[in-house]
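Beneath this line is the structure, given in structure tokens, with notes to follow.
Just so it is clear: chains get the letters A, B, ... in the order the sequence lines come, proteins before strands, and each one is counted from 1. None of these values were measured; they are calculated from a predicted model.
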Number of protein chains: 2
Amino acid sequence: MERPASDATRQALVEAALDGFGVKGYEGTSTRNIARAAKTNIASIAYHFGSKEGLRRACAEFVVSTIRSVADAVLAPEDEAAFAALDRDVARQRITAIFERMAGFILTNPRANLVARFMLREMIQPSMALDIIYGGIIEPTHKRLCRLWAVATGGEAESEATRLAVFALMGQVLYFRIGREIVVRRMGWEQLGTAEAQAIAALLKGNIDHLIEASEEPMP
Amino acid sequence: MERPASDATRQALVEAALDGFGVKGYEGTSTRNIARAAKTNIASIAYHFGSKEGLRRACAEFVVSTIRSVADAVLAPEDEAAFAALDRDVARQRITAIFERMAGFILTNPRANLVARFMLREMIQPSMALDIIYGGIIEPTHKRLCRLWAVATGGEAESEATRLAVFALMGQVLYFRIGREIVVRRMGWEQLGTAEAQAIAALLKGNIDHLIEASEEPMP
DNA sequence: GTCTATAAACAGATAGAC
DNA sequence: GTCTATCTGTTTATAGAC
């Protein structure tokens, strides 16, 4: 696709931009700063991506391929037959396992930090980058989780209740990433490292187990 | 505190800045745009707040007083004696009522939109404004919720488990506000209005009830 | 208190040397 | 492909008229 000689520069620019856009926002990050962080010159942005906007698009595509490679390993893309054959208890175990791994990755992986901040910015101020990310990872991942959740709780995969329930589950995980600064202060932690992430993952596993259990017995 | 003659300009500047900082970010919002939106001139920002940074501080103080007035009405500041006398069932009812009202406010109130976006930006890129907001509303509110949750579930108010559990509860509510754009797309909604907020609130109420119930019976 | 005018720095984009 | 120099417009801050 690209000439190998310029791949290193492209990669460096994308990573610098991802960091800048994520922390300072798109308008708040100058192409000058991005070029400096990537150890190249301003003109190379126009050369490789056409414009600052083109660099943003490249960031979105990087996010999609990064998360895809992780999500596919955890979620394992399955066909209709595989879902139909899923046992209820197996689906439950799969879900708790998925959320535990997701929490670990989102909370502690350094690359996840880069990616999460960029995605968060796009959620507040959507651009065409959000379209790429939504279609590339958010929707397909959410759909797969809905199907698993439906098997685990005996609901319908695309019912309003199931889709909202999966968002609520995601919220429990993602808030610890989004509100990380708040959580760290309130918990009196020095940082949110692996030990702290494990405490959070344990809590989330408990919550998910309870919510699945509750789906069996209707409230009195 | 301030001369009444200039209060209108101050107020207009703060609201315009809150909107700008929330949507485009601090660096991405120019004082020119803020002044134009507030129907005044650029120099008045320096006059009233000293600098752009001073305006950011004023935004944080506005956020604190806005949320305070709402939170106090919902949470009702209580003394030690009132907490000690709280019945377990009363605490449970209070919690579900609080989260239902919180969800309604956060998801549908137009002023909450302004405030929420600003707070979210500060979480990703903390400045002294986050210090003001954290000390002014986040910590005190979280502490009060922890005490209620402890009474409802029979735990300890300041234990790690309780503090994390309350964050997870908050996450379920807040994610629907943070990821609003994503939720709307995935749900196929045209907007997130009162009808949609009620569907979300109903789901959250169910989840909270289940989690409280589960605190009684230890997992098999 | 409000506003215009302007200073000094910085933005994104691009032409053209190498 | 990489880089310097530069064009054009915008940024925050401020001086000073009213």
d(CD1, Ile34(A); P, dA11(C)) in whole Å: 11 Å

Interatomic distance where CD belongs to Glu27(B) and C1' belongs to dA9(C) [whole Å]: 16 Å

Secondary-structure notation, DNA chain D, from Watson-Crick and G-U pairs under 3.5 angstrom (| other strand): |||||||.||||||||||

dG1(D) OP1/OP2 closer than 4.0 Å to side-chain N/O of Thr9(A): no

Interatomic distance where CD1 belongs to Ile42(B) and C1' belongs to dT11(D) [whole Å]: 10 Å

Exam field: side chain Arg32(A) to backbone Ile42(A), donor-acceptor pair closer than 3.5 Å: no

Nucleotide nearest Tyr47(B) when distance is taken to its side chain, options dG12(C), dT2(D), dT2(C): dT2(C)

Between dA13(C) (C1') and Lys52(A) (NZ): distance, integer Å: 12 Å

Residue-phosphate contact under 4.0 Å: Thr40(A) side-chain N/O, dT2(D) OP1/OP2: no

Under 4.0 angstrom between Ser44(B) side-chain N/O and dT2(C) OP1 or OP2: no

Glu100(A) side chain to Gln198(A) side chain, donor-acceptor N/O pair below 3.5 angstrom: no

Separation of dC3(C) P from Lys39(B) NZ (nearest whole Å): 12 Å

Side-chain touch Glu53(A)/Tyr26(A), heavy atoms, less than 4.5 angstrom: yes

Interatomic distance, Arg36(A) CZ vs dG12(C) P [rounded to whole Å]: 12 Å

Phosphate OP1/OP2 of dT10(D) contacted by Ser30(B) side-chain N/O (<4.0 Å): no

Closest-nucleotide 5' rank along DNA chain D - winner of Ala43(B) and Arg32(A): Arg32(A)

CA sep, side-chain torsions, deciding dist, call: Leu148(A), Ile98(A), side chain to side chain contact (heavy atoms under 4.5 Å, CB included): CA-CA 10 Å; Leu148(A) 266 182; Ile98(A) 285 168; 3.4 Å; yes

Rounded interatomic separation in angstrom, taking CG from Asn33(A) and C1' from dG12(C): 13 Å

Nearest-Å distance for atom pair CG/P, residues Asp7(B) and dT2(C): 10 Å

Any donor-acceptor pair under 3.5 Å from Thr108(B) side chain to Gly104(B) backbone: yes

Nucleotide nearest Ala46(A) when distance is taken to its side chain, options dT14(C), dG12(C), dT2(C): dT14(C)

From dG1(D), dA13(D), dG12(C), nucleotide with atom closest to Ser51(B) side chain: dA13(D)

Minimum-distance pair of heavy atoms, taken over all atoms of Cys59(A) and Ala17(A): SG-CB, 3.6 Å

Arg121(B) charged N/C atom sitting above Phe21(B) aromatic ring, 6.0 Å / 45°: no

